[in-house]
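One structure is given here, and the rest of the page talks about it.
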2 protein chains.
Amino acid sequence: MPCNKFGWHGKFKECGYRVTVGRKEILDVLTKTTGHLSAEEIYLKVHEKYQSIGLTTVYRTLDVLASIGLLQKFDFGDGRARYEIIDATNEKGHHHHLVCTECKRIIDYKDFIDEEVELLRKTEKALSEKYKFEIKNHLIQFYGLCSECQEHR
Amino acid sequence: MPCNKFGWHGKFKECGYRVTVGRKEILDVLTKTTGHLSAEEIYLKVHEKYQSIGLTTVYRTLDVLASIGLLQKFDFGDGRARYEIIDATNEKGHHHHLVCTECKRIIDYKDFIDEEVELLRKTEKALSEKYKFEIKNHLIQFYGLCSECQEHR
DNA sequence: TTTGCTAATGAAAACCATTTCCATTTATAA
DNA sequence: TTATAAATGGAAATGGTTTTCATTAGCAAA
Ligand SMILES: [Mn+2]
Ligand SMILES: [Mn+2]
Ligand SMILES: [Zn+2]
Ligand SMILES: [Zn+2]
């Protein structure tokens, strides 16, 4: 249910947040992009269509979106946070990442997600019971060298 | 083989790094601690025994250790990097994390269900073949609310 | 042991992503 | 339309991390 074009509006109000032009445009950029954008990159894209947006508002909106579970914040090791919408209805859907520690390239993958999903379900259940921990989300990243960076060795 | 008390010395030299007092003390702190220390926390602990250490050197040493695979750098969302030695011979050994998004508490777990280890192996193999990606390490974190933070709701 | 080369170091300054401050604007319910 | 509090933008502050540079120290060779 989270974040399709018809859902976020309602979810926003539920949580007591106002729907503003800036927030709409930020969500629009996030849902349309295929990359892993930083706050500044999001700001620049929004700014193309809506010049009065401020970088501060971008940061604040990203916080809001993450706090209500519509957005996931990543640290890929390049010194700035990067963001990706959480949307099961998105063509990308939930996926995990391969992170090249050399060139910082990010590879999305969801090929093996079936088995992984099954295991994740089990693991999450076991963990939440043992540690009385309420799991809301997870992060799985594999670090190493992409094919190109293996060659330059 | 990475990082037992007898191994890191050799690995250091192999990689062309000099063995210095500061580096020894930093490694000592890292191998003895049970927590997830930040650069400043490491600096303070080392400083107790070796006053002439500088924070800059701590940062530089942490980079070196991470680059040769003796140390893993984490982002738990509290605005600073945190570090943990990678050491199979350590009493803690390889483990994953539960991260409370409310109080920032970190729970280590290594009581993997059997399938978890096996699936990881399979996944890593499949991914490295399909994407020609050489996997060196992985990061698995579950985000949510710890038992205490569930109550304060 | 001594020497020479170069990596390593510490302190201060710079960097820069993110946050805070605050005066102004705007969404929204009445 | 109005009142009220949330949201906003720009400037300044913050603070973790990196860079700079003059000095120190590890270590291979003699
Ligand atoms: Mn992705
Ligand atoms: Mn841990
Ligand atoms: Zn690469
Ligand atoms: Zn908690």
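For the numbers below, each heavy atom of this structure counts, side chains included, while hydrogens, waters and symmetry mates do not. Letters go in sequence order (proteins before strands), and every chain restarts at 1. Please read these numbers as outputs of a predicted model, since none were measured by experiment.
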- Note on the structure: Within residues 35-48 of chain A, the residues having a heavy atom closer than 4.0 Å to DNA chain D are none
- Should we say atom NZ of A:Lys104 is surrounded by more than 12 heavy atoms from elsewhere, each under 6.0 Å from it? yes
- Message: Looking at A:Lys125, I want to see if its NZ is surrounded by more than 12 non-hydrogen atoms of other residues, nucleotides or ligands under 6.0 Å.
- Response: no
- B:Cys100 side chain reached by A:Phe133 side chain, heavy atoms, under 4.5 Å: yes
Specify the separation, in whole Å, of atom [atom1] of [X] and atom [atom2] of [N].
X	N	atom1	atom2	answer
A:Leu62	D:dA7	CG	C1'	15 Å
B:Arg23	D:dA25	CZ	C1'	12 Å
A:Asp78	C:dA17	CG	P	10 Å
B:Phe12	C:dA7	CZ	P	15 Å
B:Glu25	C:dT9	CD	C1'	15 Å
A:Lys73	C:dA17	NZ	P	14 Å
A:Leu65	D:dA7	CG	P	12 Å

Is the backbone of [Y] close enough, under 3.5 Å, to the side chain of [X] for a donor and an acceptor to pair up by distance?
X	Y	answer
A:Thr31	A:Asp28	yes
A:Gln150	A:Leu145	yes
B:His95	B:Gly93	yes

- Item | From CA spacing to verdict: side-chain contact (heavy atoms from CB on, under 4.5 Å), A:Glu48, A:Leu44 | CA-CA 7 Å; A:Glu48 291 171 10; A:Leu44 289 172; 5.7 Å; no
- Sugar-phosphate only, base, or nothing, as touched by A:Gly79 at under 4.0 Å among non-hydrogen atoms: sugar-phosphate
- Query: Where along residues 49-58 of chain B does a heavy atom come under 4.0 Å from DNA chain C, residue by residue in number order?
  - Reply: B:Ser52, B:Ile53, B:Gly54, B:Thr56, B:Thr57
- Task: Verify side-chain contact (heavy atoms from CB on, under 4.5 Å) between B:Lys32 and B:Lys45, making sure each step is shown before the conclusion.
- Result: CA-CA 11 Å; B:Lys32 284 180 179 162; B:Lys45 283 202 187 270; over 6 Å; no
- Message: Could you check whether B:His96 and B:Tyr109 have their ring centres less than 6.0 Å apart?
- Response: yes
- How would nucleotides 22-30 of chain C be written as a contact map, 5' to 3', with B for base contact, S for sugar-phosphate-only contact and - for no contact, using protein heavy atoms under 4.0 Å? ----BBS--
- Query: Of the options A:Asp87, A:Leu30, A:Ile86, A:Leu27, which is the one that meets A:Leu71 in a side chain to side chain contact (heavy atoms under 4.5 Å, CB included)?
  - Reply: A:Leu30
- Sole residue of B:Leu139, B:Asn137, B:Thr123 in side chain to side chain contact (heavy atoms under 4.5 Å, CB included) with A:Phe142: B:Thr123
- Item | Axis-to-axis angle between the two ends of the helix from C:dT1-D:dA30 to C:dA30-D:dT1 (five base pairs per end, rounded to 10 degrees) | 40°
- Item | Contact under 4.0 Å: B:Tyr59 side-chain N or O vs D:dT18 OP1/OP2 | no
- Task: Would you indicate, yes or no, if D:dT17 has its OP1 or OP2 atom less than 4.0 angstrom from a side-chain nitrogen or oxygen of B:Arg80?
- Result: no
Show every donor-acceptor pair shorter than 3.5 Å between a side-chain atom in residues 53-70 of chain B and any protein atom, with sequence neighbours excluded, or say none if there are none.
residue	atom	partner	partner atom	Å
B:Thr61	OG1	B:Thr57	O	2.9
B:Ser67	OG	B:Val64	O	2.8

- Sequence neighbours excluded, every pair satisfying side-chain hydrogen bond (donor to acceptor under 3.5 Å, both in side chains) that has a member inside residues 70-82 of chain B: B:Glu41-B:Arg82, B:Asp78-B:Arg82
- Message: Looking at B:Lys11 and B:Glu14, is there a salt bridge between them, counting it only when a charged N and a carboxylate O are closer than 4.0 Å?
- Response: no
